[in-house]
Amino acid sequence: MTPAGPILDHHCHLDVDTGMGLAAVDRFVAAGGTHLIIINKPSWHLGPLPTTADAFTAVFERTIAIIDAAAERLPGTAWGCLGVHPACITQLVDKGGLAPAAAAELMCAGLDRAAARVGSDRIIGIKSGRPHYDVDAAVWEASNAVLQHALALAAATDCAIQLHTEAADALPDVAAWADQAGIDPARVVKHFAGGAFTGRLTPSVISRRDALTRACDRGIPFLMETDFIDDPDRPGAVLGLRTVPRRVRWLIDAGHADAMHTAHVTLPRAIYGIDTTGTLS
Ligand SMILES: [Zn+2]
C-alpha cells in the first residue's frame, strides 16, 4: 500500500455539540485519513441516565446523523458501530439506584436496539464489553451476562462486535463464549488493545508508537484506532484524530507496508465486510 491508499481509524467518537465535531474529520482528512468507524458516545455523556431503551435509540439516531455528515467530508466513507458502554452499569447502579440485574436488563434492551440498526444507515457492528476497573461480584456477573447477550446478538445479526474490556493480553473466556454463541472470535474485536494482545479475538491497537511497534514485530494481524473521544474537558486523554494517518506513514517508512494493508484493507473486509479501496475516490 502507498500512503495514498485507504487509512481507517477503526474506533473514534465525535461530539458535534461540545467537541470539535466535523472539524476533527477535516483534520483527519488533511493528515491523509480516508475512512472512519465511529462509535456512539456513552448515553450519559449526552443527557440524563437512560431509564428506557428509547434513551439508547435517541443516542443511536444522533450518531447515525454524525456518521452521515462525516462521510460527506471523507475521500472514503464512514461507518459506525452502536452499543452500550460497559461502564453504563456502574452509572445505573451507583447513580440510578438499580440492582445489577435490572441495570443489565436495560443495557441488553439497548443492545437489542443497536443490533436492529445493523445493516442499515451505515451501521456495521455492535459495541459492548465489561468494566475495565474493579467492580463487585454482582456487577461483574451482570456485566458478563450483558457481554454474552451482545455476542448472541452479533451471531444472530451476522455482524462484527467491538469490545471494551479490562486491559488484557488475551481474553480466552470471551473467545469461548463467542464459540458458544456461534460467532467467529476473529470478528470479535478487542478495542484499545496493546501491542502484545494474543488469542483468538482480533486486536484493534491503540495507535501509540510503542504499541504499534510491538504489534508489527509480532506479525499478528491488527486494526488501528485512536479512541478519539472529542471531549473538550479531557484534551489529551486519548489520541487525536490525525494520529492514525501519521502512524501509517511512519510504519510504512519502517518497512511495515504489509501490516498496513492488513489493517486498512484486508481485516476491515474480513471482519466487517467493508470495502475500503472500492469506496475511496
Ligand atoms: Zn471509545
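Counting starts at 1 for both ligands and their atoms, in listed order. Numbers for residues simply follow the sequence, beginning at 1.
Side chains of R117 and T57: a donor-acceptor N/O pair is absent below 3.5 angstrom, by distance only. For the residue pair S204/H191, the side-chain donor-acceptor check at 3.5 Å is not satisfied. D9 and T226 share a donor-acceptor pair across their side chains, judged by distance under 3.5 Å alone.
By the criterion of a separation under 2.8 Å, the protein N/O/S atoms near the Zn ion (ligand 1) amount to H11 NE2, H13 NE2, D227 OD1.
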Indicate every side-chain donor-acceptor pair of residues 96-106 with a distance under 3.5 Å to a residue at least two apart or in another chain.
none

Checklist line | Check against side-chain contact (heavy atoms from CB on, under 4.5 Å), L239 and F228 | finding: CA-CA 6 Å; L239 302 171; F228 177 62; over 6 Å; no
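Closest approach of H85 and P42 over heavy atoms only: CD2-CG, 3.8 Å.
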